[in-house]
Amino acid sequence: MASEKSKILVVGGTGYLGRHVVAASARLGHPTFALVRDAAPSDPAKAALLKSFQDAGVTLLKGDLYDQASLVSAVRAADVVISTLGSLQIADQTRLIDAIKEAGNVKRFFPSEFGLDVDRTGIVEPGKTLLSGKVAVRRAVEAAGIPYTYVVAGFFAGYALPSIGQALAQGPPADKAVVLGDGNAKAVYVEEGDIGTYTVLAADDPRAENKTLYVRPPANTLSHNELLALWEKKSGRAFEREYIPEEAVLKQIQESPVPLNIILAIGHAAHVRGEQTGFEVDPAKGAEAAELYPDVKYTTVDEYLDRFL
């Protein structure tokens, strides 16, 4: 077992998920680098975030996804590159792939994933087109011969749980909960810090090389009906359920504007089609994070919901 931990570069480290990956990398003892366009931003919130990185021992590397020389320089500082870029920059990760190829020293690349498994989803439009960018990046990584790990993590708890799993609601149900389908398909909800932890643990793990890592904590895998029942028990409030049949969900997707149609398409894939849980992992192609790292003390859905009481 190698005692020296890999040097990790996070691209997109100031973003929604990226900051959790940076924090996990530093906490788990990896020499950690964050690519930043501006090391002294005028935005107070971003400046405070970068200071918290530095206080944790993270090295800020000035660079830009659209400046290849700076990108190659940053990549050369690391053994592992983890991308947490947002949806608008997914396709531009080919620049990162080119930099990794040119640098020649990276032993593992994690492209920005963290949602549905894009190679096995039957998501409807416009979700299909949105996720096609991630599919293209996967194929580009494989064609380049770069060792990879794809992290698939279901729903981000911070997005899905404040509404108790309702796709378009802004908060918990008051009198009525809207449920896509029959509410019995199992979905997965993972706290963002835990996604960061599992991702970083996989960075030096040969069992995760050239595989998809499925982050599906057992206690956080539950149907929408089960989630709503748990919230009723905690809040002491009962509410009626309005079940939306699949045909009506598909019609709503077609008639809704961006980004509501995308949110509904993802909800349809997870809550109606059961895509986050309705399959066995092929050990030749994937691995379960909960099985590889059984000692991780993850935040359960039960614990997370206490934040809203």
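Hydrogens, waters and symmetry mates are skipped; everything else that's a heavy atom, side chains included, is used.
- Looking at Asn105, its side chain never comes within 3.5 Å of a backbone N or O of Asp79 through a donor-acceptor pair.
- Taking a 6.0 Å sphere around CG of Asp175, one finds it holds 12 or fewer heavy atoms contributed by other residues, nucleotides or ligands.
- Without hydrogens or angle criteria, Ser163 side chain to Ala160 main chain gives a donor-acceptor distance under 3.5 Å.
- Linking Ile, Leu, Val, Met, Phe, Trp and Tyr whenever their side-chain heavy atoms come within less than 4.5 Å puts Phe110 and Val58 in one cluster.
- A salt bridge links Lys234 with Asp302: at least one charged nitrogen is closer than 4.0 Å to a carboxylate oxygen.
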Side chain to side chain donor-acceptor pair (under 3.5 Å) assessment of Asp119 paired with Tyr150: CA-CA 11 Å; Asp119 275 336; Tyr150 306 138; over 6 Å; no

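- Side chain of Asn220 to backbone of Tyr189: a donor-acceptor contact under 3.5 angstrom is found.
- Across all non-hydrogen atoms, the minimal contact from Phe155 to Ala187 is CE1-CB, 4.0 Å.
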Evaluation steps, side-chain contact (heavy atoms from CB on, under 4.5 Å), between Leu9 and Val80: CA-CA 6 Å; Leu9 169 68; Val80 173; over 6 Å; no

Steps toward salt bridge (Lys or Arg N to Asp or Glu O under 4.0 Å) verdict (Lys251, Glu246): CA-CA 9 Å; Lys251 187 169 185 287; Glu246 181 172 19; over 6 Å; no

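- Results of the side chain to side chain donor-acceptor pair (under 3.5 Å) test with Lys186 over His224, Gln276, Glu226 single out Glu226 as the only residue that passes.
- Side-chain atoms of Ser73 do not come within 3.5 Å of backbone N or O of Ser70 as any donor-acceptor pair.
- The pair Asp117-Arg138 meets the salt-bridge criterion, since a charged nitrogen lies less than 4.0 angstrom from a carboxylate oxygen.
- Remark: side-chain polar atoms of Gln89 are not paired, donor with acceptor, to backbone N or O of Gly86 under 3.5 angstrom.
- A donor-acceptor contact shorter than 3.5 Å links the side chain of Arg19 to the backbone of Gly15.
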Candidate pair Glu288 and Arg216, rule side-chain contact (heavy atoms from CB on, under 4.5 Å), full reasoning: CA-CA 7 Å; Glu288 290 274 11; Arg216 304 194 290 189; 2.4 Å; yes

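- In this model, a donor atom of one side chain and an acceptor atom of the other lie less than 3.5 Å apart for Tyr66 and Asp92.
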Stepwise side-chain contact (heavy atoms from CB on, under 4.5 Å) check, Leu85 with Val11: CA-CA 7 Å; Leu85 291 167; Val11 180; 4.1 Å; yes

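- Distance alone, capped at 3.5 Å, is enough to place a donor-acceptor pair between the Arg237 side chain and the Ala174 backbone.
- Looking at Glu113 and Lys134, no side-chain N of the basic residue comes within less than 4.0 Å of a carboxylate O on the acidic one, giving no salt bridge.
- Ala202 and Leu213 get closest at one heavy-atom pair: CB-CD2, 3.9 Å.
- Separation of the Tyr214 and Phe279 ring centroids falls under the 6.0 Å cut-off.
- At a threshold of 4.5 Å between side-chain heavy atoms, the hydrophobic network of Ile, Leu, Val, Met, Phe, Trp and Tyr places Val141 and Val135 in two separate groups.
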Worked verdict on Glu142 versus Arg139 for salt bridge (Lys or Arg N to Asp or Glu O under 4.0 Å): CA-CA 5 Å; Glu142 293 155 10; Arg139 300 294 86 82; 2.9 Å; yes

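- The distance between the ring centers of Tyr148 and Phe109 does not fall below 6.0 angstrom.
- Closest approach of Ile263 to Ala167, counting heavy atoms only: CG2-O, 3.4 Å.
- Across all their heavy atoms, Gly183 and Ser223 have their closest contact at O-CB, 3.2 Å.
- A salt bridge does not link Lys176 with Glu240: every distance from a Lys NZ or Arg NE/NH1/NH2 to an Asp or Glu carboxylate oxygen is 4.0 Å or more.
- Arg95 places no side-chain N or O within donor-acceptor distance of the main-chain N or O of Leu71, the cut-off being under 3.5 Å.
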Steps toward side-chain contact (heavy atoms from CB on, under 4.5 Å) verdict (Val272, Ile244): CA-CA 10 Å; Val272 180; Ile244 312 296; over 6 Å; no

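- Annotation for Ala144 and Lys101: closest pair CB-CD, 3.5 Å, computed over non-hydrogen atoms.
- The aromatic rings of Tyr159 and Tyr16 lie parallel to each other, their planes meeting at an angle below 30°, with 60° marking the opposite boundary.
- Between the side chain of Glu232 and the backbone N or O of Phe239 there is at least one donor-acceptor pair closer than 3.5 Å.
- Although no hydrogens or angles enter the test, the distance criterion places no donor-acceptor pair under 3.5 Å between the side chain of Glu242 and the main chain of Val179.
- Residues His268 and Val124 are in side-chain contact: their nearest non-hydrogen atoms beyond the backbone lie under 4.5 Å apart.
- The environment of CZ in Arg37 is sparse: at most 12 heavy-atom neighbours from other residues, nucleotides or ligands sit within 6.0 Å.
- Looking at Ser6 and Lys107, their side chains do bring a donor and an acceptor atom within 3.5 Å of each other.
- Val10 and Leu28 fall within the same hydrophobic cluster, defined by Ile, Leu, Val, Met, Phe, Trp and Tyr side-chain heavy atoms under 4.5 Å apart, directly or through other members.
- Within the 4.5 Å cutoff, no side-chain heavy atoms of Tyr298 are placed close to those of Thr197.
- In terms of hydrophobic clustering, with Ile, Leu, Val, Met, Phe, Trp and Tyr side chains grouped at heavy-atom distances under 4.5 Å, Val258 and Leu116 are assigned to a common cluster.
- Between the side chains of Thr32 and Ser25, at least one donor N or O sits under 3.5 Å from an acceptor N or O.
- The two residues Ala24 and Val200 come nearest to each other via the heavy atoms CB-CG2, 4.0 Å.
- With respect to Glu303 and Lys297, a salt bridge is recorded, a charged nitrogen being found less than 4.0 Å from a carboxylate O.
- Within 6.0 Å of CD in Glu280 there are 12 or fewer heavy atoms belonging to other residues, nucleotides or ligands.
- Side chain to side chain, Asn225 and Tyr243 meet the donor-acceptor criterion of an N or O pair below 3.5 Å.
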